[in-house]
Amino acid sequence: MQIINPATEEIISTLEEDNRASLQTKFEKLKQAQPAWAGKSLRDRASILSTFNELLETEIENLAQVLTSEVGKPLQQSRNEINGASARIKWMLGNAEKYLTDEVMVDEPGLKEIIKYEPLGVVCNISAWNYPYLVGVNVFIPALLSGNAVVYKPSEYASLTGLQIEKLLKKAGIPDEIFQVAIGAKETGAALLEMNFDGYFFTGSYKTGKYIYEKVASKMVPCQLELGGKDPLYIAEDVADVANAAIGTADGAFYNNGQSCCSVERIYVHEKNYDDYLKAFVSEVQSWKSGLPTTDGVYLGSLTRKDQLIVLENQVKDALNKGAKLLCGGKAVEGKGYFFEPTILTDVTNDMLVMQEESFGPIIGIMKVKDDEEALKMMQDTDYGLTASVYTSEQSRAEKILSQLDSGSGYWNCCDRVSAALPWSGRKYSGIGATLSHQGMRAFTKPKGYHLRG
Ligand code: NAD
């Protein structure tokens with residue numbers, strides 16, 4: 001498998017892909033070794049993972065370079081990602097005792113009732129490329145902490161990073177038979193679905209997630225899906241500092257070139273603020289530097305996948321055919337690398353692809369609305385349910401709107417944000433189950449209720 005730098009189109013590495021036989025050998029190795037790993041104390045496992053975290057911190061420059069070379073995000077954003085992952089790991093390690101040790105629910109004369117959190121066994125993590133550290137640690141850290149063995153399949157667009165992660169985990173002391181990387185694309189993922197893992201944890205698109213969910217259903221094991229979104233954001237008329245809101249929300253839409261599962265993907269602005277908001281938003285977007293992701297000060301690097309350029313151009317074409325106005329951008333940049341101009345569309349309607357299908361790129365549709373009711377109706381109009389955001393000076397107003405939206409996260413005066421302490425979960429086409437928070441820590445365990453008389 002060739003690894004291509006998406007910003008230069010150079011081949012930077014060639015890797016050998018796994019096949020059914022190599023995957024089966026890895027799986028059997030893990031199956032055999034997992035009980036001994038689960039038999040270690042939680043403290044011992046946490047200590048190894050803490051060393052892994054220290055290695056992330058000390059080797060950040062090299063790791064960031066590798067990440068940028070294969071996904072095209074600006075170097076500073078790669079560093080931010082690794083620092084973010086490290087903070088998450090600290091939260092998980094700090095809360096492991098609280099959420100993974102036995103819970104005594106009843107303790108009275110003659111009766112004790114206890115919940116024990118047993119590991120699932122050997123779990124399979126099929127992952128995405130857009131934040132390989134962040135979405136990776138959401139799964140493999142709590143999985144390993146709670147005593148599971150893991151097969152981690154990085155995306156074919158983030159394989160070098162997957163191998164770096166494996167190297168550092170082993171360097172930190174994770175036994176070879178407890179964590180294995182599966183290299184390859186769709187075929188490798190499909191082969192993993194044929195095997196008998198004790199749980200499947202997937203991050204990626206709705207299309208693949210649905211396929212995986214159906215495929216593993218008959219195995220009767222947990223299958224968790226973290227999928228895409230079409231996340232809406234509403235700017236009400238009482239926002240105190242519209243220019244500031246425009247700057248923050250532009251970042252929410254365009255950070256990582258819009259390739260975040262929780263990127264702002266649709267913006268609805270109250271008519272009273274519309275002109276001011278738009279002016280500040282366009283000016284912010286036009287102030288950003290695009291170019292090679294290794295150049296200092298670049299905010300927009302290349303996209304990761306070449307195919308996405310066509311998806312974005314189709315969204316622009318469809319929107320313009322249906323009456324939208326193009327304020328800036330609208331096409332791929334000529335020359336080497338998968339670059340797309342930052343694109344803003346107005347006069348959009350919810351029947352346009354750009355307002356319905358996940359864009360996953362530097363493109364945004366902005367619509368004028370007359371009141372909260374219209375904004376809510378527009379925001380609700382989606383098959384996805386990852387996040388939603390409301391900017392207003394009144395918390396109760398924001399909460400009223402957010403409570404009527406079927407999404408896993410709700411934001412008041414912020415957007416494109418993930419917290420280790422809160423469940424990260426999608427609804428409808430955005431997924432099933434949760435990572436992060438106590439729910440995400442326990443997602444890799446099977447609770448057993450002990451009824452103890454005596
Ligand atoms: P993708 O669905 O194309 O691929 C994801 C993974 O699935 C890759 O490792 C791929 O090799 C594997 N795969 C592809 N086909 C498969 C098959 N038939 N069987 C088994 N495995 C298969 O997604 P992507 O392009 O890597 O990631 C982008 C998507 O991920 C976006 O939709 C984004 O919103 C979503 N995402 C969601 C979250 C979240 O937390 N909700 C986080 C990051 C990304």
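Just follow the structure's listing: the first ligand is 1, and inside any ligand the first atom is 1. What you see is a predicted model; the values in this text were computed from it and never measured.
When heavy-atom distances to ligand 1 are checked against a 4.0 Å cut-off, Leu227 comes that close only through its backbone atoms N, CA, C and O. Within the 4.0 Å heavy-atom criterion, the part of Tyr211 lying near ligand 1 is the side chain and not the backbone. Counting heavy atoms under 4.0 Å from ligand 1, residue Leu193 touches it through the side chain alone. Contacts between Tyr157 and ligand 1 below 4.0 angstrom, taking non-hydrogen atoms only, are absent altogether. Contacts between Glu358 and ligand 1, counted as non-hydrogen atom pairs separated by less than 4.0 Å, involve the side chain only. Heavy atoms of Ala185 found under 4.0 angstrom from ligand 1 belong exclusively to the backbone. Residue Tyr206 does not touch ligand 1, judged by heavy-atom distances below 4.0 Å.
Considering Phe201, Phe197, Tyr117 as possible partners of Phe444, the one that fulfils the ring-ring contact (aromatic ring centres under 6.0 Å, His included) test is Phe201.
For atom 40 (O) of ligand 1, the nearest non-hydrogen atom from the set Tyr384, Trp424, Phe202 belongs to Trp424.
For the pair Arg79 and Glu61, the salt-bridge criterion is met [side-chain N within less than 4.0 Å of a carboxylate O].
Close N/O approach between Glu156 and ligand 1 is found [any backbone or side-chain N/O within under 3.5 Å].
Taking a 4.0 Å cut-off on heavy atoms, Gly431 fails to register as neighbouring ligand 1.
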